[in-house]
Amino acid sequence: MPNPVVHFEITGKDAEGLQQYYRDLFGWSLTPMAPDVPYGLVSPEETGGGIGGGVGASMDGASLLTVYVQVDDIKGALDRAVELGGEVVQPPTVIPGTVTYAQFRDIEGHLVGLAASETPPAE
């Protein structure tokens with residue numbers, strides 16, 4: 001399948017509460033992304049062979065459920081989303097050694113993430 005969904009995020013204002021909720025609900029282990037970062041990663045093995053994801057705090061405290069679609073050309077996909085009536089929320093952003101990602105809102109306001117198919121080099 002071209003452009004598969006490769007990651008999900010569940011974010012809100014209470015990272016610890018959300019993480020505990022999903023631990024209790026689904027038995028997930030959440031690995032901290034980094035010290036002092038209110039975001040825990042769920043491996044694909046934790047989701048029973050599905051995609052991995054993350055649960056934590058959103059930057060603005062909004063409650064969001066976001067899926068990330070893998071693309072070869074993140075800028076091209078973001079430009080195409082805008083051409084079709086979408087709106088850029090997060091321009092391409094690099095987390096060294098982890099991912100290059102972006103976010104847009106579709107024509108009905110749904111938040112959708114894009115993840116580059118290649119991992120950027122670590123700094």
Without placing hydrogens or testing angles, list every side-chain donor-acceptor pair under 3.5 Å for residues 110-120, not counting sequence neighbours.
residue	atom	partner	partner atom	Å
His110	ND1	Asp106	OD1	3.2
His110	ND1	Asp106	OD2	2.8
Ser117	OG	Asp72	OD1	2.8

Pairs touching residues 52-67 that satisfy side-chain hydrogen bond (donor to acceptor under 3.5 Å, both in side chains), sequence neighbours left out: none
Nearest atoms (heavy-atom pairs only) where Val69 meets Asn3: CG1-O, 3.3 Å
Lys75: what forms a side-chain contact (heavy atoms from CB on, under 4.5 Å) with it, not counting sequence neighbours? Asp73, Asp79
Following the transitive rule for hydrophobic clusters with a side-chain heavy-atom cut-off under 4.5 Å over Ile, Leu, Val, Met, Phe, Trp and Tyr, establish whether Leu25 and Val55 coincide in one cluster. yes
So ring pair (Phe, Tyr, Trp, His ring centres under 6.0 Å) across residues 59-83, not counting sequence neighbours, yields His7-Tyr68
Just by distance, no angles: are the side chains of Tyr39 and Glu9 close enough, under 3.5 Å, to form a donor-acceptor pair? yes
Looking only at non-hydrogen atoms, find the nearest pair between Leu18 and Thr11 and report the distance. CD1-C, 3.7 Å
Non-hydrogen atoms of Gly50 and Pro44 that approach each other most closely: O-CB, 3.1 Å
Around atom CD of Gln20, are there more than 12 heavy atoms from other residues, nucleotides or ligands closer than 6.0 Å? yes
Any chance you could lay out the side chain to side chain contact (heavy atoms under 4.5 Å, CB included) test for Ile51 and Val5, step after step, and finish with the verdict? CA-CA 8 Å; Ile51 63 172; Val5 173; 3.6 Å; yes
Does anything in residues 19-28 form a salt bridge (charged side-chain N to carboxylate O under 4.0 Å, His left out)? List the pairs, not counting sequence neighbours. none
Side-chain heavy atoms of Ile95 within contact of Met33, under 4.5 Å: yes
If you count the non-hydrogen atoms of other residues, nucleotides and ligands that lie under 6.0 Å from CG in Leu84, is the total more than 12? yes
In terms of hydrophobic clustering (I, L, V, M, F, W, Y; side-chain heavy atoms under 4.5 Å; direct or indirect links), are Phe104 and Val82 co-clustered? yes
Please tell me whether Val71 and Val88 are part of a single hydrophobic cluster in this structure, the criterion being side-chain heavy atoms less than 4.5 Å apart. yes
So if you build clusters from Ile, Leu, Val, Met, Phe, Trp, Tyr with side-chain heavy-atom gaps below 4.5 Å, do Val67 and Leu65 land together? yes
Leu78 versus Pro91, closest heavy-atom pair with distance: CD2-CA, 4.3 Å
dist Phe26:CZ -> Tyr21:OH (nearest 0.5 Å) comes out at 7.0 Å
Please answer whether the main-chain N or O of Leu41 pairs with a side-chain N or O of Ser43 as donor and acceptor at a distance below 3.5 Å. no
Sequence neighbours excluded - salt bridge (charged side-chain N to carboxylate O under 4.0 Å, His left out) pairs with any residue from residues 80-105: Arg80-Glu83
Tell me whether Phe8 is reachable from Tyr101 by hopping between hydrophobic residues (I, L, V, M, F, W, Y) whose side-chain heavy atoms are closer than 4.5 Å. no
